[in-house]
Amino acid sequence: MVEEQLTAVQRPFGVSMKKLTVGLGDRSYPIWIGADILARLGEALREVSFPKRIAVVSNPTVFERYGETVLDSLGNAGMNASVITIPDGESHKDLQTLETVYDALIAGGFDRGSALVALGGGVVGDLAGFAAATFLRGIPFAQVPTTLLSQVDSSVGGKTGVNHRLGKNLIGAFYQPMHVHIDVATLRSLPAREFAAGMAEVVKYGVIRDREFFDQLATSRDRLLQQEPEALVEAVKRSCQIKADVVESDEKESSLRAILNFGHTFGHAVETLSGYGEFRHGEAVAIGMVAAALASRSLGLCSREDVLEIRDLLTALQLPTTPPPFSLEAYLKAMGRDKKVKGGMLRMVLNRGIGDCAITEIPDPETLFRNVLSEWNSLL
Ligand code: NAD
Ligand code: GLY
């Protein structure tokens with residue numbers, strides 16, 4: 001992963017723009033991160049020789065705010081863009097909506113020389129990415145993520161897909177974009193709860209890979225909450241760097257990439273037991289990260305102070321950090337269904353202190369989570 005700092009001359013908008021490269025051989029691609037850089041999308045796509053015939057996939061919520069800027073930018077770069085809108089919401093990340101995207105592409109005469117641009121959060125990005133991976137056996141696409149979660153997680157790394165009625169993300173492909181264009185100014189219109197949910201993933205990167213970054217987040221938490229552009233660009237950049245590093249080592253999640261699931265084992269159980277929709281995914285992950293930290297402490301991998309630091313940073317970032325009151329048995333059952341159970345053995349990502357982690361087999365989940373739930377009470 002390569003980082004390039006732009007010189008002052010190239011900073012027309014005050015906050016310096018950062019460029020990263022996700023290094024995957026001939027499938028490498030740039031990530032641009034800045035504030036108010038949406039209007040530079042066309043320029044960025046020209047730099048990667050993106051096709052000129054484009055369908056922008058978006059939803060009405062996002063398109064009404066940012067669609068015009070994107071279409072103008074593409075037009076100014078000599079590109080010919082039309083729009084495919086899909087309904088807003090996770091419940092529409094499905095095969096039926098995907099089919100409407102194929103319908104529009106076929107009806108519009110899109111061919112192998114054309115490309116998709118995903119403008120929106122993780123739902124739009126995952127679905128449009130999968131449409132690009134499969135339409136005519138694959139056409140190029142670019143990600144223009146507009147939620148914090150999609151800027152620091154889903155737009156980078158090439159996981160695309162849709163949900164099946166029997167489970168989330170069961171249909172999909174690893175398919176990398178040609179460009180990721182991150183404008184943190186789009187986060188200004190994001191509901192506060194969505195913003196906080198994205199911050200959970202940002203904190204996750206600090207806990208699993210980078211103590212210094214974790215400390216920076218703690219120091220700059222008020223600037224982040226106020227969405228100060230410089231602070232946001234830095235936080236998003238470091239998050240993308242860490243994600244890119246992991247993806248470069250293990251693109252298809254045969255080993256290391258699983259560390260990105262830190263907080264997800266217990267977090268998925270929280271989501272399952274509460275019913276999808278009660279917690280945002282990032283909120284459930286925040287609770288799951290405290291559970292993982294308590295589990296680490298119980299196994300001697302981190303200290304009580306580490307657990308408190310993680311809990312306190314998440315709380316400061318307006319995230320929930322206490323488990324909803326389900327029984328130990330209910331949590332164990334919900335985690336038993338988690339996809340990270342391999343050969344009957346529960347495997348969890350556990351932090352070692354703050355800034356490092358390991359994928360650990362849990363031979364006796366019942367004892368561990370009994371400790372976790374009882375220790376949780378003593379944290380209050
Ligand atoms: P989302 O896409 O549903 O967006 C949340 C809400 O915010 C939506 O209503 C959306 O219309 C709205 N929105 C988006 N940008 C906005 C803006 N700038 N201003 C105002 N409103 C805006 O949710 P999400 O959290 O971005 O993504 C969740 C999805 O991401 C899930 O489907 C999850 O499975 C997927 N995901 C994928 C990966 C991956 O690696 N591919 C990783 C994590 C999550
Ligand atoms: N969000 C986890 C991953 O991309 O692997």
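As the structure lists them, so they are numbered: ligands from 1, and atoms in each ligand from 1. Treat the numbers as computed from the prediction; the structure is a model and nothing was measured.
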The closest protein heavy-atom partner of atom 5 (O) of ligand 2 is Arg257 NE, 2.7 Å
Ligand 2 and Asn261, any nitrogen or oxygen pair closer than 3.5 angstrom? no
Please work out whether any backbone atom (N, CA, C, O) or any side-chain heavy atom from C-beta onward of Thr146 is under 4.0 Å from ligand 1, and answer side chain, backbone, both or neither. both
Aromatic plane relationship, His281 with His268 - under 30° parallel, 30 to 60° tilted, over 60° perpendicular: tilted
Taking the six-membered ring of Phe110 (Phe, Tyr or Trp), confirm whether the NZ or CZ of Arg53 is under 6.0 Å from its centre and within 45° of its axis. yes
Any chance the rings of Phe266 and Tyr331 have centres within less than 6.0 Å? yes
Within 6.0 Å of CD in Glu47, more than 12 heavy atoms from elsewhere: yes
Starting from atom 1 (P) of ligand 1, locate the nearest protein heavy atom and write down its residue, its atom name and how far away it is, to 0.1 Å. Val123 CG2, 3.9 Å
Numbering as shown, the atoms of ligand 1 that approach Thr186 to under 4.0 Å (heavy-atom distance): 17 (C), 18 (N)
Whether Arg223 and Glu230 form a salt bridge (side-chain N of Lys/Arg under 4.0 Å from carboxylate O of Asp/Glu) is what I want to check. no
Among protein heavy atoms, which sits nearest to atom 43 (C) of ligand 1, and what does the distance come to when rounded to 0.1 Å? Asp153 OD2, 3.4 Å
Side-chain (Gln151) to main-chain (Asp183) donor-acceptor, under 3.5 angstrom: yes
Assess whether side-chain hydrogen bond (donor to acceptor under 3.5 Å, both in side chains) is satisfied between Tyr66 and Ser58, documenting all intermediate values. CA-CA 10 Å; Tyr66 304 110; Ser58 190; over 6 Å; no
Using distance alone, decide if ligand 1 has a nitrogen or oxygen within less than 3.5 Å of any nitrogen or oxygen in Asp126. yes
Which heavy atom of the protein is the closest neighbour of atom 4 (O) of ligand 1, given with residue, atom name and distance? Thr147 CG2, 3.6 Å
Enumerated ligand 1 atoms positioned under 4.0 Å from heavy atoms of Lys168: 31 (C), 33 (C), 34 (O)
Mind checking whether Asp88 has an N or O less than 3.5 Å away from an N or O of ligand 1? yes
Considering only the protein, which heavy-atom contact is closest to atom 44 (C) of ligand 1, and what is its distance? Leu149 CD2, 3.7 Å
Hey, does Ser150 come in under 3.5 Å of ligand 1, counting only N/O atoms on both sides? no
Tell me the nearest of His281, Lys159, Arg280 to atom 25 (O) of ligand 1, using heavy-atom distances. Arg280
Transitively linked via ILVMFWY side-chain contacts under 4.5 Å: Ile359 with Val246? yes
Under 4.0 Å from a heavy atom of Tyr66: which atoms of ligand 1 are those, numbered in the order shown and with their elements? 18 (N)
Using heavy atoms and a threshold below 4.0 Å, how should the contact between Glu201 and ligand 1 be classified: side chain, backbone, both, or neither? neither
Should you measure from each heavy atom of Lys243, which atoms of ligand 1 turn up under 4.0 Å away? 40 (O)
Given that the side chain starts at C-beta and the backbone is N, CA, C, O, which of these parts of Asn59 lies under 4.0 Å from ligand 1, counting heavy atoms, or is it both or neither? side chain
For residues Val233 and Leu149: do they belong to one hydrophobic cluster (side chain heavy atoms under 4.5 Å, members Ile, Leu, Val, Met, Phe, Trp, Tyr)? no
Determine whether the side chain, the backbone, both or neither of Asn169 has a heavy atom under 4.0 Å from any heavy atom of ligand 1. side chain
Atoms of ligand 2 close to Glu253 [distance to a heavy atom under 4.0 angstrom, numbered from 1]: 5 (O)
Examine the proximity of ligand 1 to Gln151 and report which part, side chain or backbone, both or neither, has a heavy atom under 4.0 Å away. neither
Using a strict threshold of under 4.0 Å (side-chain N to carboxylate O), is an ion pair present between Arg238 and Glu212? no
How far is atom 1 (N) of ligand 2 from its nearest protein heavy atom, and which residue and atom is that? Asp153 OD1, 3.0 Å
Take Asp356 and Arg209 through the salt bridge (charged side-chain N to carboxylate O under 4.0 Å, His left out) test and state the conclusion after the steps. CA-CA 5 Å; Asp356 189 18; Arg209 286 289 261 204; over 6 Å; no
Interfacing atoms of ligand 1 (cut-off 4.0 Å, heavy-atom, Lys93): 31 (C), 32 (O), 33 (C), 34 (O), 35 (C)
Please step through salt bridge (charged side-chain N to carboxylate O under 4.0 Å, His left out) for the pair Asp306 and Arg297, ending with a clear verdict. CA-CA 9 Å; Asp306 293 330; Arg297 184 186 172 232; over 6 Å; no
Any salt bridge linking Lys159 with Asp126? Criterion: basic side-chain nitrogen under 4.0 Å from a carboxylate oxygen. no
Salt bridge check: are Lys237 and Glu234 linked by an N-O gap of less than 4.0 Å? yes
Would you check, one step at a time, whether the test side-chain hydrogen bond (donor to acceptor under 3.5 Å, both in side chains) holds for Ser150 with Thr147? CA-CA 5 Å; Ser150 57; Thr147 62; 2.7 Å; yes
State, with a plain yes or no, whether a side-chain heavy atom of Leu20 is found less than 4.5 Å away from one of Gln241. yes
The closest protein heavy-atom partner of atom 32 (O) of ligand 1 is Glu90 OE1, 2.6 Å
Restricting to heavy atoms, the pick from His281, Lys243, Lys159, Lys252 nearest atom 4 (O) of ligand 2 would be Lys243
Quick one: does Glu201 get within less than 4.0 Å of ligand 2, heavy atoms only? no
Could you tell me whether Leu190 approaches ligand 1 through its side chain, its backbone, both or neither, with non-hydrogen atoms closer than 4.0 Å? both
Measure from atom 27 (O) of ligand 1 to every heavy atom in Ser154, Gly161, Gly122, Pro191 and give the option owning the shortest one. Gly122
Minimum-distance protein heavy atom relative to atom 19 (N) of ligand 1: Ser189 OG, 2.7 Å
